[in-house]
Structures are given as structure tokens and as C-alpha cells.
Peer 1: 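Pasting in a structure now, in C-alpha cells, and then I'll have a few things to ask.
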Amino acid sequence: MRMRDTRRSGSYAAFKIMLALLAAALAFPLTAFSAGGEIRTDTENCLICHRYPGMGRFDEAGVKRIYYINEMKFANSVHGKLKCTNCHVGLDKIPHTDIRKVDCTTQCHLKEPSTEREFSHTNMVEKYNHSVHGNSDPNNPKPFPEDLPTCTYCHDNSIRSPLEGVWGTSQALANETLSRCVGCHTKDHWAQNYYLHVTHRMRHLRSQAEIIKLCTSCHEDSEKMSRHGLDSIATFKDTFHWNLVKFKVKDAPDCISCHVPIGFTTHDIRPKYDQASSVNKRNRVNTCSNQGGIQSCHPGATDDFAGGRVHAYGTKAQLVVDGAQSIAVEADESLLSERARRDMSEREIMNFKILSYIRLFYKILIPMVIGFMVCHQTLDLLATLRKNRHNSH
Amino acid sequence: MLLGLTVVWTVMIWNLTFAHLYKGDSHEVQTAKDPGREQPKPVEGKAAFQKQILDSEKTVKLYLGYQVLEQKQLLGHFHIVDIQLKPDTRNYCISCHGDIPHDKFKDLRAFGNMHASFIACQTCHIRLEGDQATHIFKWYDRATGQIVPSPVKDGALPGTYNAKIIPFERVDGALQRIDSQARIDFAAEYRKQEQSLSEVQKSKAKKIIHQQVSKQPYMCESCHVQQGSLLPFEELGYSKQRIDAFVGTEVIGMIKNYTQFYLPHILEPGIGSHEPEKKVQ
Amino acid sequence: MQTSNTENTTMALSAGPPDDGQEPLYFIRLNRSEKIQHLLLMISFVVLVITGFMLKLPETIVQKIGPVGETLFFYRSLLHRIAGTVMIAVSAYHLFYLALYEAGRRWLVDMLPQFKDLKDLIQNLMYYVKLRDRHPEFDRFSYMHKMEYWALVAGTTLMSLSGLLLWTEWRWSKFVLDVAAVVHGMEAVLACLAIMVWHMYEIHLKPHKSPMDKVWLTGCIDEAEMKEEHPLHYQKIMADSALQHIYIVRPPR
């Protein structure tokens, strides 16, 4: 949007300015999703073939591989300013026999303004490799590294969309803000890009239920989890926290709320023994009370309250109680039993036993009592009917 | 009614209390997002079919903020693929061969599938000779099957045409589209009755269906030439600019390089020892 | 509107010893205070059960509710706590009633379990299976009433305590909360099933009470039923004029 330097009279100039702003405001929703022609970054014209939806094949395993790129969606994605070859290296031949797998630590040749260096995701990947999902220690490699999630397991090329309906914002707010930016930042689309770059982070693209689905796609798979010595977290669905998510309550707690609260990053989730973990005993009260976040969940949390288990007792507790000898010790299972003995403290086992006994008590009491009641009332009914028949004769 | 409610409530509470005892762990284990890691195991049986084929297609929900996109899960996909083309319901080749049919020849298959999204199978795979050839091609709509005006002329972007190119043939002096109702019905009938046909009948039916299919399909240079192209581009609605684009050096040059430097056998797939190239990672 | 017999020392005008037997007599089973207590208890129980078990709805059903889910959840929580408070208040009042009102003290004494109740239980079961040809004679409260009453007392105590613990969750350790949650949940199941199987039968499905026993509204039963169901109490009343003043009432004119 250019602001014309007009030499006409003030009021006419003002009118023109207003017209221009109006046009800008109206044009915003359109230009946000303009066709690839305007935001064309595909200077090598890869799209000449890759813009057709049929571009793809079924591979030997019968899995569909699609090489189609939706121009509009790509242009509006977070990577929309990049050329194809910035990420897909090794594309000198057709067919692309020399292509290499995309490496997220590639340098994209975009200058990152805060350090003035070429940008790459390396620092995040480094953090990630040292986190609980990574495999960075050469002396102690993790078993079954193919289970560990790669970048694209959680991330897809998200589309930046106008900030709307989130925390009281509206299209109108976006329009007003932008119209103040374009006064100085006159290059087309720059202001929009910048605005979207920031506001994209003000929302979670996935709902809480979706985040839980993503995490539980591995963490509820008991086989996979036991290979790594972890409990399946199916027991999360037994908790009250899950009820909030189920009923789609706003700001309901999902995995991220506790494991990545304020001040932490998803790429650096640590095991609970690590002092840097948000679920370490030291940090728990902060995590539960979540001060400084959108919603302070348990502001009155004490150490006692925060010190307990959030996920209900699972396989590990059962294993310790049953005595690990009774479980068939296969190569996979042993890690879980080992960890079970390490992770469960005496007190926790005692608590688990007490809870199990209470449950057992009720499981016996209820059928006995209700069974007796059913018998009694059935007999009563039969007797009454008998009496009625007898009386009517 | 009260009795009914009581019964329903009792059953519900019973289930809540005791179901986990006899149903086992009822928490649904959602399998990992990555189907490509599993190679299909050669296990037979109905249960295997159910598990590996019927249950294997997972849909993925993408929350784009302004839109919730539900698409079939694609292996390792990072880019958001929002294919909005309607499935082709008219083409009877697709009903057996699928709409991404090219598979055998590594060099050609992706290109073939790419063109298959806006060119009907019959266009390339049926060489019309002599009297039958008309050089008339029209667009038909994917969803309805009816002949429609050119989507290119209507301004649709490449890759978003909801129509395909189909050739017309001359039969007894009259023009008719090559995917005539008679042929469609025949193929549909075959599919319906396939179970109950004998081997001879099946063979015969298949021969009839594929009667017109030429051994050698039209290859790239039949259309991507400056002069004498198979397809009448102007009539199909392409602008001068677009025609220049796909008969220009970019495409023709690529084809020539493709065939001459890398794959000399490209014009004769299947003939001679054609060693598959090393698999791309 | 029936005339009711109040429980303190003032006597209602229509009370009095039985007539020549021309007019049918009605015997009070629940006085006004008890009727109100029962009514409040019943309403709060139903609300508690519904709002409580809503938490156990499977995800597939909750998904269908859509965005209304959040408002629903908010009101569910609110109603559950309100109804819980009502139930605790009624229970507290009941304890107060048992101690300080004469009728309450009578109620408590009559409800205390005795050896006779065990005998009654066995004899009644024998009658059901045709080993006896008559059912045993009951006093004001049969063993069935007593069982239900004391189960109610125990159940309400447990539920109230565990409920209050859960309500003030930040004060307690996770273990205490876990125990409270288990007890609250399982006791709820027991109470709910007990009410449905036992109580619903007693008042709805018993052939001569069907479709509904109206005692909770009227507070009285007629003489025939009294003689059939509570003969011992009937005899005690007929033999004592003071008891007649308390328990007998004339039908409305």
C-alpha cells in the first residue's frame, strides 16, 4: 500500500488517504490468501509438475506417496518464503535420483534478524537431541531408536492464518493494526508476513484433545512404551483433568500444560529426575499453579498437593506389587520391570496397595449387596403375586 | 417408562463398575502416525485383511485455524495437501485401475500419474487410426461426467481443473466420445458379475474391455511438440502463453534430456533389459 | 391438602382416639418435617447422581455435544456442589432433629436394629420360598426399612466426607484425594444401585403399591395396610391413647 505524497489540499488528501486505507483494509483478507503468482518464491518453477494433484504413486508397500504441492497453501505456510531447493537439497536431475532426505538442520539462506546469521533449526534440534525424545549420548544410546519421533512426526507445514477469535481478537483488530504498520512499511506483504509471523505464535493450532491424541499416539501404545521402560499413559483418561478436555472446557489441561508450562519448550522435555524438568519435584508447585500463564490452575497448590502422582497408577505399580518375577521377562519387558522397581518408591507402592484394597473391597461389597437385594425383591415379587392370586380365588 | 429408565441406568452403572474386569483394558490404543514403517506382513486370513487393508487408512485432522482439514493420512507428509478435486466417477478404467495407476516404470510413473489428473486414460492409451481418428478432444466434468466447456478458459489454475480431456471417435460416421455409455455399462456389468464367471468368460470379457487399448501408448513427444501435436490446444481452451509454456524449451528440453541422457529406453518401456535404477532414498 | 399431625405437644383438632369405626382411619408414617427432609434428600440425590455420573460419559458421546460442552460442564459442576450442600444440610438437620425433637427421638429408637430384625429377615425369606405360610409381623419399621436407613446414613456420611475432601482439594495430599475419589465414585455406584434396585421396587414395582406409593406425599397409610404391614405397631397404637394422638389422623373433610 503506497501512501501517495499528495500536494493537493488537506481535506482532499485526507479523503484519498482514507480511501487508500479502506482499500487496504478490504484487501487484507484477499491478499492474505492470494494465489501463488503474487507471492511466487518458486523461482526454479518446480511447480510446473508439482502443482498437479495426480503427481504421485503407490509404493511397494501400497502406501500412497504424493508429490503434489498446493500452491496457495504453501505460499501461506510458515515456510512460504522459501525456495524449494532451500530444504530439498540435491535436485540437479530429473528424475530426482540424487535427492536427499530433508534435514531440518539445513541452513535456509534466510537471514535471521536477531543474530544476522543464516537461519537454521539447528539450535532447536540440538536441544531436542538432548531431551527425553532425543538420542544424543553416544555412550548410552537408547534402545529402539526408530521409535523416537522425528521432526515431521509432530510438525507439519502449518498455515499462518489471520488471528481471529483467539483471546478477544477479531478480524477488525487485525485490520486496524495492519493499517498502522503499512504507513511506514510500504512493501507489499511484508507487514502482513511480519504480523502473521508473530500472531501465529499466539495460538495453539491444535486443540487440547488433538494434542493429547498426538502424544498418546506413542504414549498409549503399551508395547512401545514398555520397550522404553515407560508406563502407558492410558490412565490419564481416568483423571479429572481428562474430563475437562473431554467437555472441551477452555484452558483445559493437556499434555503441554504440565510438561511444557511457561518458561519451558516442547523441544526440551526432560525426564522427571532431571532438575530441568517441569515435573521434577522441585518445580511441581510452579507447574501446578502456572503463575504468569493464561490461567492459573491451582494457585493454592502446596508441596503435598503437587507432590502426588497426576497420572493414575499404571503398569509399573502393578508390576512391583505382583513381583516382577511373575511377569514373563522378555527382552522388552525387563526394561519396564527394572524401571518399575526404580521409579516406584515404598510410599507410592503402599498408596497403590491401599487404593487397590479399597477398590477390591467395593468390588466385592457391591455385587454382594446388590445381589442380595435383587434376590430379595424378586422373591418378594413372586410371593406377592402368589398372595394376590391366592386372594382372588 | 420409569422402569425403562431405571433399567438403562442400572446397566450403565454396572458397565461402569465392572466392564473393565471382563472387557480388559478398554482404553483405545491409537497406533502411531507412521504407517510407512510397517511392511505388510504376508499373513493370510480375513482378520489380516480387516487389519491391514480395511483398518489401515487413517484420517488426520489438521487444524489450520480458519479451517479444519480432514485428510487421509499420507506417509511422512509435511506439506499440507488439500486436494479438492472430486473423484472421477465416469471413467470406467479407474474403477479397476484406480486414479494413480502408473506404477511399474520408475522414470515415468510420477509423470503419468500427474497427467492422469486432467487427462483421461483413453487419451494416451488408445491410438485411434484411420477412420476412427477425429482429433477432437473435449473436457468432461469429473463429478457429473458431462461434457463441459474448458476449465482452462474459465480461468481455473493448473492443478485445479475439475475436468479431464477425453477423445472423440467416429463410429459409423457419427461422432461419439470414446467412453461411450455402452462401454461403461459393459465394464460395470463385468465388475458386478466377476465372481460368477468362468475363466473363459472372464478372459473374454477382459479382452473385449481392453480391445481398443494400444500396446504402445502415446508418449511425451506426441503432445509436447511445436507442430503436429496430438491434442488441439487452442480448442481445449489453452491460452497462447500456456501453450508456449508446455511446448517450449522448458518442457521439451527436459523431455529430450530425459530420454537422451538418462533413459534411452524411455520410448520403449518393457522392451529390452531395462534395469531399474537405484532406489531413491 | 390433608390435615397433618404436628409433632410437638400441641394437638391438631382432628386428632383423637378412634371413633366407632365408621370413618376410615389413617396412620401417619411420615410427619411434615420428615416429609420435607425426604423430599429435599430425594431431589438432591437425583441431581447429584445425574451430575455426578455425567463425568463418566464416554468421549464418543460427549463429542456429539460439541461446543456447548463447556457451559454444560460449568453448570454440571455448580449443580453438583449445590445439591451436595443441600444434602449435607438436610443430613445435619436430620441429626439435629433426631436429638432435639421428640418425634425424632422416637424415630431413632424405632430404627435401632434389634435381634428381632434378624429373626424377621430369616422368617421372611422362608416365607418367600414357601417354607412358612405367613410373613412375620413387623413393628413400625421392618428390617427392610432399617437396613435401608442405616445404609443411607453410612452412604451419606462417606459421600459427604469424600465430597468435601475433593471440593477442598488444595489442602490435602494427592493420596488423600485419590482415596476420596475412589470412595466417592464407588460409593456412588453402590448407593445408586441400591436406590434403584431396592427403593424403586419398594415404592414403584411392588404390585399393590404400583404405580407409586404415595406415602412421601401424604405421609399416611390406611388401616388395612397398617394391619397388614405393621401389625405390632398397630397394636401398640390402639392400646395407647397418647400414641393414638400422635399417629392417627382423620381423612380430610
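Computed from a predicted structure; not experimentally measured. Lettering of chains follows the sequences in order, A, B, ..., and the numbering in each one begins at 1. Computed over heavy atoms, backbone and side chain alike; hydrogens, waters and symmetry mates excluded.
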Peer 1: Which heavy atom in C:Leu55 sits nearest to a heavy atom in A:Lys246, and how many Å separate them?
Peer 2: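 Closest pair (atom of C:Leu55, atom of A:Lys246, distance): O-NZ, 3.1 Å.
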Peer 1: Could you measure the distance from the CD atom of A:Glu348 to the NZ atom of C:Lys174? Nearest 0.5 Å is fine.
Peer 2: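 Rounded to the nearest 0.5 Å, the CD-NZ separation comes to 10.0 Å.
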Peer 1: Using 30° and 60° as the class boundaries, would you call the ring planes of A:His376 and C:Tyr128 parallel, tilted or perpendicular?
Peer 2: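 Rings of A:His376 and C:Tyr128: perpendicular, as their planes differ by over 60°.
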Peer 1: Please name the residue in the list A:Leu355, A:Asn351, A:Ile354 that meets the side-chain contact (heavy atoms from CB on, under 4.5 Å) test with C:Asp178.
Peer 2: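 The single option meeting the side-chain contact (heavy atoms from CB on, under 4.5 Å) with C:Asp178 is A:Leu355.
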Peer 1: Under a 4.5 Å heavy-atom cut-off, does chain C meet the side chain of A:Arg386, its backbone, both or neither?
Peer 2: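 Just its side chain gets close to chain C.
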Peer 1: How close do C:Ala194 and A:Ile370 get, heavy atom to heavy atom, and via which atoms?
Peer 2: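 Heavy atoms of C:Ala194 and A:Ile370 come nearest at N-CD1, 3.7 Å.
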Peer 1: Does the pair C:Phe175 and A:Met350 meet the rule for a side-chain contact (heavy atoms from CB on, under 4.5 Å), with working shown?
Peer 2: CA-CA 10 Å; C:Phe175 172 61; A:Met350 173 61 72; over 6 Å; no
Peer 1: I need the C:Glu70 CD to A:Leu244 CG distance, nearest 0.5 Å.
Peer 2: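 These two atoms lie 9.5 Å from each other.
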Peer 1: If I measure from the heavy atoms of chain C, does A:Asn388 come under 4.5 Å with its side chain, its backbone, both, or neither?
Peer 2: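 Side chain only.
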Peer 1: Are any of the side-chain heavy atoms of A:Tyr362 and C:Glu187 separated by less than 4.5 Å?
Peer 2: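 Side-chain contact under 4.5 Å: yes.
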Peer 1: At a heavy-atom separation under 4.5 Å, does A:Leu382 approach chain C through its side chain, its backbone, both, or neither?
Peer 2: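 Interface part for A:Leu382: neither.
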Peer 1: In terms of heavy-atom proximity below 4.5 Å to chain C, should A:Phe372 be classed as side chain, backbone, both, or neither?
Peer 2: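 When you check distances to chain C, only side chain atoms of A:Phe372 fall under 4.5 Å.
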